[in-house]
*Asks:* 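My questions will all concern the structure given below.
Values below: every heavy atom of this structure, side chains too, minus hydrogens, waters and symmetry copies. When a ligand or atom number is given, it counts from 1 through the structure's own listing order.
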Amino acid sequence: MYAQKANAPTRKPVTVPSLRAMKAEGRRIVMLTVYDASFAAQLEMAGVDVALVGDSLGMVVQGHASTLPVTLDHMVYHTSIVARGLGSTLLVADLPFMADRDVGHALEAGAQLVGEGGAAMVKIEGAAPHILDAISALVARAIPVCAHLGLTPQSVHKFGGFRIQGRAQEAADHLVAQAEAVEAAGAELLVLEGIPTGLGERITRAVSIPTIGIGAGPHCDGQVLVLHDMLGVTPGKRPKFSKDFLAGRDSVAAAIAAYAEDVRNGAFPAAEHSFD
Ligand code: KIV
């Protein structure tokens, strides 16, 4: 409890431009969600490239059944406490449900997450016309954007549950078009969630920005998991796309380091964590 802050940079800082360089060089990007300063320090020490304060905190921290009850105040608070534990890891924060309902609200939310929270980039779900406008507006104000397509959890009611997206040809083509649209709008990074492996590969080839998969197969430019899932502490059944990296290891640090290594060397995700 009285140990020194662990946020001295452990390596060259990861930046938005360096993510593109990683894609160009074929170096896989390691991303992990995190919600507080102590775990942020663990990510930093393990050399995780990107820390995501996801609105998944509504489920794994607050105990809700979805991400929908998370507010902008919650996101700014958790982003700011995570920022204190990081040094060189790039910090991305989610725009919560309805914070992107129009361009004005998206800009206000982006300003708070970056200005008060300390994020270097904000993540926004979907590719509806108002989302594309919001991406362009944020980017024009020097707020880098990570897009998020596929099984976007804020659309859980529209999807009728947390269901894999893009299985049918038409739906897959639509997702490719959406990926091209978010890139054209100015997004610098693209999370692909809950889509078949082949579609993850197709989108990764179709765009020049890095793709980060979660249940999107091994061909994405990087991977992200929810911290509580990969530490095996999420109650209930572990999602198919995740893996308990703490099982058989004796510390959180070892689990996060193993995850980072497995993403970088291509061992994770395996076929058993992917959808055909
Ligand atoms: O909220 C979150 O944690 C996310 C990841 C699952 C990508 O959006």
Side-chain angles (χ1 to χ4, degrees), residues 19 29-36 39-40 43 48-72 74-79 82 89-100 109 113 117 119 121-127 131 135 145-156 159 161-165 175 179 182 187-195 200 203-204 209-217 220-231 233-234 238-243 245 256 259 263 268-269 273-275:
L19 296 176
I29 299 166
V30 180
M31 184 168 174
L32 191 57
T33 72
V34 63
Y35 315 99
D36 69 30
F39 279 96
L43 267 65
V48 169
D49 299 308
V50 184
L52 170 64
V53 182
D55 60 358
S56 51
L57 71 85
M59 301 174 80
V60 298
V61 177
Q62 298 174 334
H64 294 295
S66 77
T67 61
L68 304 182
V70 177
T71 67
L72 181 58
H74 297 155
M75 290 306 305
V76 173
Y77 171 72
H78 281 276
T79 304
V82 164
T89 300
L90 186 85
L91 178 54
V92 180
D94 266 350
L95 260 69
F97 181 56
M98 282 295 151
D100 54 12
L113 290 167
M121 177 181 256
V122 297
K123 181 162 78 57
I124 187 164
E125 294 187 10
I131 298 292
I135 293 173
V145 173
C146 172
H148 184 166
L149 297 174
L151 197 183
T152 42
Q154 291 172 17
S155 300
V156 60
F159 296 149
F162 295 104
R163 294 177 193 285
I164 301 307
Q165 300 295 303
L175 275 168
V182 295
E188 286 283 353
L189 195 62
L190 170 56
V191 168
L192 297 172
E193 179 167 356
I195 60 172
I203 293 176
T204 299
I209 55 174
T211 60
I212 308 289
I214 173 165
C220 298
D221 299 304
Q223 299 290 328
V224 59
L225 283 180
V226 170
L227 179 67
H228 291 54
D229 290 349
M230 61 82 73
L231 294 179
V233 295
T234 307
R238 181 170 42 78
K240 173 181 161 74
F241 55 76
S242 191
K243 176 176 170 180
F245 282 90
I256 297 176
Y259 165 66
V263 170
F268 180 82
H273 310 116
S274 307
F275 303 94

*Asks:* Please enumerate all residues that pass ring-ring contact (aromatic ring centres under 6.0 Å, His included) together with Y259, with sequence neighbours excluded.
*Replies:*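 Scan of Y259 (ring-ring contact (aromatic ring centres under 6.0 Å, His included), adjacent residues dropped) gives F245.
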*Asks:* Parallel, tilted or perpendicular: which one describes the rings of H78 and Y35, with boundaries at 30° and 60°?
*Replies:*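 The rings of H78 and Y35 stand perpendicular, inter-plane angle above 60°.
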*Asks:* Do Q154 and H148 meet the criterion of a side-chain donor-acceptor pair at a distance under 3.5 Å?
*Replies:*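 Note: Q154 and H148 side chains miss the donor-acceptor criterion.
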*Asks:* Quick check for you: to the nearest 0.5 Å, what is the distance between M31 atom CE and T89 atom OG1?
*Replies:*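 M31 atom CE to T89 atom OG1 measures 11.5 Å (nearest 0.5 Å).
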*Asks:* With a cut-off of 6.0 Å (strictly less than), are more than 12 heavy atoms of other residues, nucleotides or ligands near CZ of F268?
*Replies:*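 Buried by this count: over 12 neighbours within 6.0 Å.
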*Asks:* Show me a pair-per-line table, with atom names and distances to 0.1 Å, of protein N or O atoms that are under 3.5 Å from an N or O of ligand 1.
*Replies:*
residue, atom, partner, partner atom, Å
ligand 1, 1 (O), D55, N, 3.1
ligand 1, 1 (O), D55, OD1, 3.0
ligand 1, 1 (O), S56, N, 3.0
ligand 1, 1 (O), S56, OG, 3.4
ligand 1, 1 (O), D94, OD2, 3.1
ligand 1, 3 (O), S56, OG, 2.5
ligand 1, 8 (O), K123, NZ, 2.8

*Asks:* How long is the gap from CD1 on I29 to CD1 on I212, to the nearest 0.5 Å?
*Replies:*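 These two atoms lie 4.0 Å from each other.
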